[in-house]
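Please read the structure below before turning to the comments.
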Amino acid sequence: MIFSKKRPQRWPETASLEIGGRPVAVSVRVSSRARSYRLSLPHVGPPVLTVPATGRWPDAEGFLIRQTGWLALRMGRRAEPVGFADGAVIPLRGVPHRIVATGKLRGVVTPNDAEGERQLLVPGAPEHMARRLCDWLKVQAAQDLEARCAVHAATLGVTVKAIAMRSQATRWGSCSSTGRLNFNWRLVMAPPDVLDYVAAHEVAHLVEMNHSPAFWRACKRAMPGMDEGRTWLKANGTVLMGYGAEG
C-alpha cells in the first residue's frame, strides 16, 4: 500500500469583500497558533483575516462573508491617518500643534507659540521631515514614560529593567517577565494622564503578569485615578494611532 503525503494547504494572500458597492482587499495571514478564524481592522492599513494553518479556505471565506456587516461598521468609524507634513495639526501632550517646516537643513524640532497658535518647528528637507519629527516625539515619549514608570515602580516596589519605544499598530504597551517595558511612542500625543495610565498599567504587570482582579488592584494602587485615562484611550485610541501614518 502506498501512502501519499498530504500537501499543505495553499492560502491566498488576499481576499475581497464588497462594502458599500466597493471592493475591499483583505490580507490573509496564516497562523500556526490560531485556533479559529479572526478578522481584525488595524488602525492603519487593510483588514486582516487570520486563519489557522489547519483550516480550510471555504470555511475561512464563509466566515469572512459573515463578517461583512461588522467590517463595514468598523471601517466607517476609522479615522483617516494624519501624516507628519507641513501644515498638519497634531496633538502634543493633548494640546494641538501645527507642524511648520523651517526650511533649514540643520537644527532640532522646537515647540513654538506664534500669535496664540502652538507650533512644532521642524527642520530638514521635505522628504526627511516626518522622520525627524517622529524621532523627536520618541525622545519626548521616552522621557515622559521613564519618569512616570519610576514613580509607579516605587509605589509598587518593583524594578523596571529597561524601557523602549515601539510603533505597534494595535498595542499601547507590553511587559516582559524580565522587567522590560515597551510603549507606543504615540502616547506622548495623548493627554498626560493617559500616558500615565499606560505607564501604571505596564508597571503593574511586574506585579501580576495577567489581567486578574489582583492586577487591576495593583494598577489602581499605582494610579488611583486611572479610570479617566483608560476611558479616554478607549474612546480616542483609534484616532491617536493614525497620527504619523501614511495610510
Side-chain angles (χ1 to χ4, degrees), residues 42-45 79-113 118-153 159-176 178-206 222-223 229-230 232-233 236-247:
H43 297 286
V44 177
E80 289 296 320
V82 178
F84 289 164
D86 185 34
V89 176
I90 67 170
L92 174 62
R93 299 183 178 97
V95 179
H97 285 66
R98 185 175 300 280
I99 300 172
V100 177
T102 65
K104 300 176 181 178
L105 294 181
R106 297 185 181 277
V108 296
V109 176
T110 306
N112 184 53
D113 194 338
R118 300 288 184 90
Q119 299 175 339
L120 292 173
L121 306 183
V122 185
E127 63 270 24
H128 301 311
M129 274 186 54
R131 178 184 57 79
R132 285 201 176 187
L133 180 54
C134 185
D135 289 346
W136 183 82
L137 288 169
K138 287 179 181 179
V139 172
Q140 299 300 306
Q143 291 174 351
D144 290 1
L145 285 160
E146 286 169 2
R148 296 314 303 163
C149 285
V151 172
H152 298 315
T159 300
V160 176
K161 295 292 180 62
I163 291 177
M165 298 301 104
R166 295 285 183 263
S167 297
Q168 302 102 317
T170 58
R171 304 180 73 180
W172 294 111
S174 62
C175 171
S176 74
T178 60
R180 182 182 181 88
L181 306 183
N182 297 314
F183 293 99
N184 194 309
W185 58 267
R186 288 179 175 86
L187 285 167
V188 77
M189 295 191 283
D193 63 325
V194 177
L195 177 145
D196 199 13
Y197 157 66
V198 180
H201 185 114
E202 299 308 329
V203 171
H205 275 309
L206 297 175
M223 185 182 178
R230 186 185 183 199
W232 189 98
L233 198 57
N236 301 282
T238 299
V239 174
L240 199 64
M241 278 287 190
Y243 286 108
E246 300 300 329

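The figures here come from the full heavy-atom set of this structure, side chains too, leaving out hydrogens, waters and symmetry mates.
- The distance from atom CG of N182 to atom SG of C175, rounded to the nearest 0.5 Å, is 9.0 Å.
- Under a 3.5 Å cut-off, the side chain of N184 and the backbone N or O of R171 do form a donor-acceptor pair.
- Here CG of L137 is found 7.0 Å from CG of L120. Values are rounded to the nearest 0.5 Å.
- Side-chain atoms of N236 come within 3.5 Å of backbone atoms of W232 as a donor-acceptor pair (strictly under, hydrogens ignored).
- Counting heavy atoms of neighbouring residues, nucleotides and ligands inside a 6.0 Å radius, atom CZ of R118 does not exceed 12 of them.
- Looking at every heavy atom in both residues, A125 comes nearest to L105 through N-CD2, 4.1 Å.
- G179 approaches L206 most closely through the heavy-atom pair CA-CD2, 3.7 Å.
- Note: L195 CG to W185 CH2 = 13.0 Å, rounded to the nearest 0.5 Å.
- In this structure, R132 contributes its side chain and V122 its backbone to no donor-acceptor pair below 3.5 Å.
- Judged by distance alone, the side chain of R98 and the main-chain N or O of V89 form no donor-acceptor pair under 3.5 Å.
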message = Run K138 and S167 through side chain to side chain contact (heavy atoms under 4.5 Å, CB included) and show every step you take.
response = CA-CA 10 Å; K138 287 179 181 179; S167 297; 4.2 Å; yes

task = Go through the steps to decide whether Q140 and R93 satisfy the test side chain to side chain contact (heavy atoms under 4.5 Å, CB included), and finish with yes or no.
result = CA-CA 10 Å; Q140 299 300 306; R93 299 183 178 97; 3.1 Å; yes

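- The side-chain heavy atoms of L121 and K104, taken from C-beta on, include no pair separated by under 4.5 Å.
- Across all their heavy atoms, I163 and V160 have their closest contact at CG1-CG1, 3.7 Å.
- Summarising the geometry of A222 relative to H152, their closest heavy-atom pair is O-ND1, 3.3 Å, with the distance given to 0.1 Å.
- Interatomic distance, CE of M129 versus CD of E127, reported as 10.5 Å (0.5 Å rounding).
- R148 contributes atom CZ, which lies 15.0 Å from atom OH of Y197 (distance to the nearest 0.5 angstrom).
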query = Could you walk me through whether L240 and M189 pass the side chain to side chain contact (heavy atoms under 4.5 Å, CB included) check?
reply = CA-CA 8 Å; L240 199 64; M189 295 191 283; 3.9 Å; yes

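- In terms of heavy atoms, A88 sits closest to V82 at CB-CG1, 4.3 Å.
- Between E202 and L145, every side-chain heavy-atom pair lies at or beyond the 4.5 Å cut-off.
- With rounding to the nearest 0.5 Å, the separation of CZ in R186 from CZ in R166 is 14.0 Å.
- Heavy atoms only, all atoms of each residue included: L187 and F183 are closest at CD1-CD2, 4.1 Å.
- The backbone N or O of V100 lies less than 3.5 Å from no partner atom in the side chain of T102, so there is not a single donor-acceptor pair.
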